[in-house]
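Lettering of chains follows the sequences in order, A, B, ..., and the numbering in each one begins at 1.
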Amino acid sequence: MSNIIRSIKGTHDILPEDSKKWQQLESTIRKITHQFGYEEIRTPIFEKTGLFSRSVGEDTDIVSKEMYSWEDRDNTSLTLRPELTAPVVRSFIQHNLGGLSPLQRLFYIGPLFRRERPQKGRQRQFHQYGIEAFGSPHPEQDAEVISLAYSLLTQLGLTNLNLKLNSIGSPECRAQYRNALQDYLRPFLNELSETSQKRFENNPLRILDTKVPHEIDIIKNAPNITDFLTHEDQAHFNSVQSFLNQLNIPFTCDPTMVRGLDYYTRTTFEITSSALGAQDALLGGGRYDKLVETLGGKATPAIGFAAGMERILLALEAETPFESYDSTDIYMVCLDESVLSVSIDLANQLRQAGKSVKMETLRRSMKAQMREANRSGATYAFILGENEIQNKTVVIKKLKEGNQETVLQTEILEKLK
RNA sequence: GUGGGUGUAGCUCAGCUGGUUAGAGCACCUGGUUGUGGCCCAGGAGGCCGUGGGUUCAAGUCCCAUCACUCACCCCA
């Protein structure tokens, strides 16, 4: 056991028992995104490193210490994607999707990589699904995106949800707020933690996120970003809120919620679940009206979110245990080597007719085969022995009811209708 | 990167203050039924007790180291 090769720290195999849950989650995602008119985009697993440092932000944790990066043979630095908004924006620009239609609604599902210390709800390879809506600067677009996020979680059956909403304004008013915040914090500078002191210069808004009790006290009286919003920002924010009210989506405003990525503007939001542990954010997102420009595209407002699929599954299991299902129709019980040829043939016919068929390939005892048939959840056991081969029949047993009948092999398909 | 917890069968775990052949339940296989599953009964297979070192007449048990897993901090999905 000590000598075997194990999966890499922070990565997990999704075994058949769990892959069913994933498939179920994915199909719900596809259903809901389709209802809202979003279409799937798939981008490569790795990108040039510069894509992330330019968009996510050089000073963020993701870029500064969590990326899996390496030098390719031509010395370009490549990185396993740590998030998906930047690649989607890159693709949007590269293929001029904005030119195809002034509004692009996209969704994605796929694995991401961050080199963090694993814990509950956090892995080094994990999966997100998310959506990005390019083109509209208007609050109804914000409401649509948030509504999609909320609908998905509630339709999955989650209840312990908490939607937090904030607006961090346009870059102009954020600069003003930044100054005001620095002015407020300067007298306390010596009392702040080392990390907060570092942030004071390069990203003071992040200090609002602090969990240090002493700093939380200081933050309490800090100026509020809401007071620095321009009239337009404020009107946008108010409008988003009233749309959400109209949709009966409960939310709370949290002016200290500053998302960890640099590219956000105006609306930011997050949905947490109280069914989870310390890592309780199911999804997070916001508007990023300047990112397309920053990456060299035509100025295009956009908004999206990313949701952690592992966390959604964790929350689901905490709230309502999944029921496992198996949709095998028929188990072919083979009593003797001499029946194999006929059995293979019948299984083939049944599959061509659309049935799901498992055939015994272990040559086990009949008892073991019947047990296996039962376990596999099959509706029918087809029993083939020497008698059946001689009479060109098959015994069809309904496993749930326990009754059985002998049917001519040529009439099997009729019988199953 | 920093702390805490835990490593015994495929899974969940017992194993008292060190004492001789290492245990249970579930799962698996075989049989009880010359060709019939679920329930029951009987039997079987499956462990270098995470790894390395130390103390001891004797270590799954005590000590040290190491690795792995896990939870939490930081931060995020």
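Nucleotide B:U36 holds its C1' atom 11 Å from the CG atom of A:Asn374, rounded to whole Å. For the pair A:Arg117 CZ and B:U2 P, the computed distance is 7 Å after rounding to whole Å. Here B:C75 presents its P atom at 16 Å from CE of A:Met257, a figure rounded to the nearest Å. For the pair A:Lys398 NZ and B:U36 P, the interatomic distance rounds to 22 Å; values are reported in whole Å. The nearest whole Å value for the distance from the CD atom in A:Glu372 to the P atom in B:A27 is 14 Å. Residue A:Arg122 contributes atom CZ, which lies 8 Å from atom P of B:C73 at whole-angstrom precision. Rounded to whole Å, atom P of B:G35 lies 10 Å from atom CG of A:Asp336. Protein atom CD1 of A:Ile383 is 12 Å distant from nucleotide atom P of B:G35, rounded to whole Å.
Rounding to the nearest 0.5 Å gives a distance of 11.5 Å between CD of A:Glu360 and CE of A:Met370. Atom CZ of A:Arg287 is separated from atom CZ of A:Phe269 by 10.5 Å, given to the nearest 0.5 angstrom. Within the model, atoms CD1 of A:Ile389 and OG of A:Ser338 stand 6.0 Å from one another, a figure rounded to the nearest 0.5 Å.
For the ring pair (Phe, Tyr, Trp, His ring centres under 6.0 Å) criterion with A:Tyr288, the lone passing option out of A:Phe305, A:Phe92, A:Tyr263 is A:Tyr263.
Across all strands shown, B:U30 forms a Watson-Crick or G-U wobble pair with B:A42, both key distances being under 3.5 Å. Under the Watson-Crick or G-U wobble criterion, with both distances below 3.5 Å, B:U55 has no partner in any strand shown. Searching all strands for a Watson-Crick or G-U wobble partner of B:G60 with both distances below 3.5 Å returns nothing. Across all strands shown, the partner of B:C69 is B:G5, judged by Watson-Crick or G-U wobble contacts whose two distances both fall under 3.5 Å. The nucleotide B:G25 finds its pairing partner in B:C11, both defining distances of the Watson-Crick or G-U wobble pair being shorter than 3.5 Å. A 3.5 Å limit on both hydrogen-bonding distances identifies no Watson-Crick or G-U partner for B:U20.
The residue A:Ala373 sits apart from the nucleic acid: no heavy atom pair falls under 4.0 Å. Here A:Gly130 lies out of heavy-atom contact (under 4.0 Å) with every strand. When heavy atoms are screened at a 4.0 angstrom cut-off, A:Leu282 is found touching the sugar-phosphate backbone but no base atom. In this structure, A:Glu83 reaches neither bases nor backbone, as no heavy-atom distance under 4.0 Å exists between it and the strands shown. Residue contacts shown for A:Leu335 include a base, since a base heavy atom lies under 4.0 Å away.
Only the P atoms considered, B:U51 is 10 Å distant from B:A9, to the nearest whole Å. Nucleotides B:U30 and B:A68 have their C1' atoms positioned 37 Å apart, rounded to a whole Å. A distance of about 16 Å separates the C1' atoms of B:A24 and B:C49, rounded to the whole Å. As rounded to the nearest Å, B:A27 and B:C41 have P atoms that lie 12 Å from one another. Comparing B:C26 with B:A65, their C1' atoms sit 36 Å apart, to the nearest whole Å. Comparing the same atom, P, in B:C74 and in B:A14 gives a spacing of 32 Å after rounding to whole Å. Taking atom P on both nucleotides, B:G23 is separated from B:G43 by 15 Å, rounded to a whole Å. For the C1' atom pair drawn from B:U17 and B:G52, the interatomic distance equals 27 Å after rounding to whole Å.
A:Thr60 has no side-chain polar atom (N or O) that falls below the 4.0 Å cut-off from OP1 or OP2 of B:C76. Contact between the side-chain N/O atoms of A:Gln404 and the OP1/OP2 oxygens of B:U36 is not found at any separation under 4.0 Å. Between A:Gln279 and B:C73 there is a side-chain N or O to OP1 or OP2 distance below 4.0 Å. Remark: A:Lys9 is in phosphate contact with B:C69, judged by side-chain N or O atoms under 4.0 Å from OP1 or OP2. In this model, the phosphate group of B:C29 is approached by a side-chain N or O of A:Arg364 to a distance below 4.0 Å at OP1 or OP2. Here A:Gln128 does not reach the OP1 or OP2 of B:A77: none of its side-chain N or O atoms lies under 4.0 Å away. Between A:Arg371 and B:C39 there is no side-chain N or O to OP1 or OP2 distance below 4.0 Å.
Residue-to-nucleotide proximity on RNA chain B shows that, of A:Ala368 and A:Asp280, the 5′-proximal contact is made by A:Ala368. Both A:Glu310 and A:Arg115 lie near RNA chain B, and the one whose nearest nucleotide falls closer to the 5' end is A:Arg115.
Of the candidate nucleotides B:C75, B:U2, B:U30, B:U30 has the atom nearest to the side chain of A:Ser365. Of all nucleotides listed (B:U36, B:G32, B:C73), B:G32 comes nearest to the side chain of A:Lys367. Distances were taken from every side-chain heavy atom of A:Glu66 (C-beta onward) to each of B:C75, B:G35, B:A72; the shortest belongs to B:C75.
A donor-acceptor contact under 3.5 Å is formed by the side chain of A:Arg311 with the base of B:C76. No hydrogens or angles were tested; on distance alone, a donor-acceptor pair under 3.5 Å links the side chain of A:Asn387 to the base of B:G35. If you check distances only, the side chain of A:Glu116 never reaches the base of B:G1 with a donor-acceptor pair under 3.5 Å. Residue A:Lys397 places no side-chain atom within donor-acceptor reach of the base of B:G35, judged by atom type and a 3.5 Å distance cut-off alone. One cannot find a donor-acceptor pair under 3.5 Å joining the base of B:A68 and the side-chain atoms of A:Arg6.
Ring planes of A:Tyr184 and A:Phe188: tilted class, angle from 30 to 60°.
Smallest separation of non-hydrogen atoms from A:Ser77 and A:Glu71: CB-OE2, 4.0 Å.
For the residue pair A:His12 and A:Asp18, no side-chain donor N or O sits within less than 3.5 Å of a side-chain acceptor on the partner.
You'll find the side chain of A:Leu247 stays beyond 4.5 Å of the side chain of A:Tyr150, heavy atoms only.
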side-chain contact (heavy atoms from CB on, under 4.5 Å) evaluation trace for A:Ile225 with A:Asn166 = CA-CA 9 Å; A:Ile225 181 117; A:Asn166 192 21; 4.2 Å; yes
